[in-house]
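Step one of this worksheet: look at the structure below.
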Amino acid sequence: MYILKRFLTMIVTIWVITTLTFIIMHSIPGDPFASDADVLPEEVVENMREKYNLDQPLPVQYLLYLKNLATLDLGPSIESKTRDVNTLIADGFPASALLGIQALVIAIVFGLILGIVAALNHNGLLDYLSMGVAIIGISVPSFILAPLLIKYFAVDWGLLPVASWGSWEHTVLPSVALATAPLAIVARFMRSSMLEVMNQDYIKTADAKGVSTIGIVIKHGIRNALIPVISFIGPLVAFLLTGTFVIEKIFAIPGIGKYFVDSIFNRDFPVILGTTIFFSAILIVTLFIVDISYRLVDPRIKLSSKGE
Amino acid sequence: MKKMFFGVLFVLVLVPMLAACGGDASEEGEGESEQSITVNAKSEPPSLDPALATDTTSGWVLDHLYEGLYTENKEGEIIKGLAEEVEVSDDKTTYTVTIKEDANWSNGDPITAEDFEYSWKRVLKPETGSSFAFYMYYIKGAEAYNKGDGSVEDVGVTAVDEKTLKFELEKPTGFIEKLLAFWTYYPVNKSVVEENEDWAAEADNYVSNGPYSLDSWDHDSQLVVKKNGEYWNKEEVSMEKITWEMVNDANTYYQMYKSGELDMIDTLPTDVIAQEKGSEDFKITPYFGTYMYMFNVEKEPFTNPKVRKAFTMAIDRESITENISQGGEDPAYAFVPYGVDTPNGDFREQKEAYFEENYDEAKQLIEEAKQEEGWDEIPTVELMYNTSENHKKIAEGVQEMLKQNLGVEVTLNNQEWNTYLDTTKQGNYQMARMGWIGIYVDPTPILDYYLGDSPNNRTNWVSEEYDSLMAESKGIQDPAKRMEKLHEAEDILMEELPFMPVYHYSQNYLTSQDYKGIVYPVNAMPYLQWAEKK
């Protein structure tokens with residue numbers, strides 16, 4: 001019952017997002033053929049508008065779009081004349097997702113380790129060191145970090161290729177560049193949450209019972225400290241899986257990140273809608289998984305639609 | 001429950017690692033000794049269907065995959081391509097073309113006249129939605145059919161027999177051969193296209209007729225073409241394999257060139273141009289386009305021609321190209337760029353400058369304009385440009401020059417490209433930046449920009465005399481006389497100055513010294529088929 005309810009909510013959410021995006025998108029000035037309209041006779045532009053149903057009144061376009069969306073058809077792309085939006089996403093998503101997953105693993109594994117180490121050495125040298133690393137990670141933007149990685153690892157030391165796609169070597173630098181900021185955030189979350197948990201009475205009880213520090217940390221500390229971190233990881237998964245404009249541009253990754261931005265500049269309406277819906281769908285699904293994983297981590301949390 | 005969590009983590013860690021290892025590392029390294037070159041397309045070609053392509057990236061790839069009835073040789077001259085013989089009627093409107101006997105598609109099918117008829121009518125068919133269909137309006141009945149006022153039967157293209165194509169023109173057209181070499185006029189394989197409407201989307205179904213055939217196409221990443229064994233003129237093709245990477249970031253492709261992952265790059269990051277200028281790899285070629293500022297002649301102060309002239313005379317173009325844009329551009333004192341070959345030499349060299357940069361005279365003109373219009377001061381001018389670092393720097397330079405040399409206050413404003421096009425189209429500007437590149441090397445596509453009914457002409461400037469001279473020029477067969485008319489038209493334009501030219505574009509390249517024989521045309525990306533690797 002709970003799952004069904006959640007599912008219906010997801011559909012409604014997607015519909016609301018689609019509608020809002022549709023309205024906002026059509027209220028920005030310019031249209032997909034603005035550049036073409038420069039060069040082309042009006043009739044030719046008309047032919048093209050007809051091809052993409054743009055000659056219809058907006059409500060009709062909206063209904064047509066919803067109708068296609070119901071069959072999971074995201075429509076044609078105006079900019080890419082030979083590939084439709086479904087193909088664009090199908091072609092680009094694996095690359096974005098692969099980088100995203102690798103970055104996620106790096107961010108979570110190293111973020112947790114840094115956070116835990118910092119918390120256990122509260123106000124110690126390791127704490128300052130880890131948090132120093134974390135602050136650098138948050139404050140150095142990826143468009144600075146990425147060229148630096150390229151300069152040292154690819155150009156100066158020749159260890160890895162500069163950019164492009166094809167082998168696992170190509171994924172290393174972008175994954176690292178992508179992981180740095182979330183890694184730092186996870187580390188900071190984990191540290192403060194861990195500090196809080198380690199001051200709880202049950203930790204003291206365990207300590208008094210003579211459980212070893214490592215045992216306490218693993219059995220009671222990490223598990224209880226994870227909850228706030230999981231709340232952050234949910235949206236993070238959606239952001240990382242769907243690619244990022246900057247990293248994909250710098251490393252020439254054939255992902256979908258750039259379509260989120262380019263489609264708006266090109267006024268490529270079906271791509272704007274398609275990528276937005278795709279992103280929302282992934283976000284909603286990961287949020288759902290996050291809700292379920294709360295329960296895995298803390299059985300006291302009940303899955304119910306109350307109090308949402 | 002904890003186990004499950006770690007299980008999830010395990011999957012998260014392991015799966016991507018396995019997936020990453022599964023990548024095709026074997027692709028690299030095979031047959032590096034062969035004649036191959038890796039270049040940068042910068043982005044995914046939007047379409048490899050000749051009927052739908054409208055951009056230089058697609059054009060670059062298409063020019064290597066196809067050949068039209070005419071083609072360009074190494075020297076940039078238009079010569080016969082697939083056409084064996086061309087008969088022209090006395091009134092210069094009916095062309096009968098015999099297609100080469102040994103001309104085949106990359107799948108082995110012979111190229112027929114029917115393919116041409118089908119392809120051209122496909123471009124014109126309104127449902128195809130071809131943006132470049134208007135390049136075919138020179139053909140009889142084409143315009144009416146494309147605009148929905150005529151029928152396909154009235155389009156003057158017919159396949160007489162298997163290898164004979166006949167087409168009629170609306171009126172004699174002096175530059176038709178240049179058009180026939182252009183990608184919109186390339187044929188497509190009728191049976192392939194009819195069978196699968198998405199034939200041009202992937203490498204598998206793709207059939208071409210030129211020096212190369214499409215080998216693989218990883219969207220947004222890499223495109224590979226290999227020498228087409230069915231091409232009639234394959235002996236002339238020395239480069240066996242061309243790889244286009246799609247790297248958009250200027251710093252990244254520069255680094256890839258430096259580390260040997262790319263053999264040729266164009267459009268270097270501006271901050272490395274100065275540093276690379278002395279290098280043997282560095283090359284600057286003129287590019288067939290003009291960077292300009294349009295004047296809205298219906299908005300003050302540009303309603304007064306003297307103000308337009310004064311503005312035009314008051315900026316230092318050499319300083320702009322040398323200190324600001326720095327890409328080796330030519331300062332422009334006219335509209336048509338260098339590079340058009342005429343019977344009397346280069347079109348531009350026959351008449352290089354229409355005005356001189358003379359600040360005193362410019363100030364004088366401003367004073368006269370003030371008196372004529374009864375202005376105390378010149379109304380404030382807002383200069384618009386589309387958002388870009390380079391345009392901004394140039395606009396700031398111009399702003400400063402106009403202030404110093406003319407004493408005119410200019411404010412700056414910028415908009416993102418699509419919004420900008422909308423704004424300028426509606427005429428909501430006084431002075432606005434624009435660039436224009438000729439799709440084929442002739443004054444016509446450049447000068448057509450300011451025709452009264454041109455959708456590009458956003459200046460509100462309309463001259464009947466100019467329009468009629470342009471129309472006349474299009475019907476003249478004799479090249480020398482045609483160029484004369486075009487000069488006359490440009491004279492009028494440069495007298496009235498609905499815009500001011502700033503510079504003629506240039507293109508810069510870094511090319512590895514391992515290659516020779518690359519041809520750099522003035523209006524297209526380099527031709528690689530004649531290149532050789534040492």
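Excluded from the calculations below are hydrogen atoms, water molecules and symmetry mates; all remaining heavy atoms, backbone and side chain alike, are included.
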Item checked: With A:R267 via salt bridge (charged side-chain N to carboxylate O under 4.0 Å, His left out) - residues at least two apart -> B:E416
Check: Once you round to the nearest 0.5 Å, how far does CD1 of A:I253 lie from CG of B:N248?
Finding: 13.0 Å
Note to self: Heavy atom to heavy atom, less than 4.5 Å: which residues from residues 149-161 of chain A reach chain B?
What the structure shows: A:I150, A:V155, A:P161
Notebook entry, point to check: Is it true that a side-chain atom of B:T252 and a backbone atom of A:F251 form a donor plus acceptor pair closer than 3.5 Å?
Noted result: no
Next item on the list: Taking atom CZ of A:F110 as the centre, report whether more than 12 heavy atoms of other residues, nucleotides or ligands fall under 6.0 Å from it.
Entry: no
Check: Does A:P29 have any side chain to side chain contact (heavy atoms under 4.5 Å, CB included) partners at least two apart in sequence or in another chain, and if so, which?
Finding: B:T419, B:D422
Note to self: With a sphere of 6.0 Å drawn around CD of B:E197, does it hold more than 12 non-hydrogen atoms of other residues, nucleotides or ligands?
What the structure shows: no
Notebook entry, point to check: Between A:S293, A:P254, A:A252, which has the largest tally of heavy atom pairs under 4.5 Å with chain B?
Noted result: A:P254
Check: What is the distance from atom CD of A:E50 to atom CD of B:E127, rounded to the nearest 0.5 Å?
Finding: 8.0 Å
Checklist line | Residue pair A:V162 / B:E261: nearest heavy atoms and the distance that separates them | finding: N-OE2, 2.9 Å
Check: Side chain, backbone, both or neither: which part of B:E245 has a heavy atom under 4.5 Å from chain A?
Finding: side chain
Notebook entry, point to check: Once you round to the nearest 0.5 Å, how far does CG of A:D91 lie from CD of B:E202?
Noted result: 6.0 Å
Next item on the list: Select, from B:L52, B:T424, B:D49, B:D198, the one with the greatest count of heavy-atom pairs under 4.5 Å involving chain A.
Entry: B:L52
Note to self: Going by the rule side chain to side chain contact (heavy atoms under 4.5 Å, CB included), which residues pair with B:E44 if we only count those two or more places apart in sequence or in a different chain?
What the structure shows: A:R83, B:W217, B:H219, B:D220, B:M246
Checklist line | B:T128 backbone acceptor or donor facing A:K51 side chain under 3.5 Å | finding: yes
Checklist line | Residue B:N146 versus chain A: region with a heavy atom under 4.5 Å | finding: both
Check: Which bit of A:F143 comes within less than 4.5 Å of chain B, counting heavy atoms only: side chain, backbone, both or neither?
Finding: neither
Margin query: Please rank B:S43, B:P126, B:P45, B:A201 by heavy-atom pairs under 4.5 Å with chain A and give me the top one.
Written below: B:P126
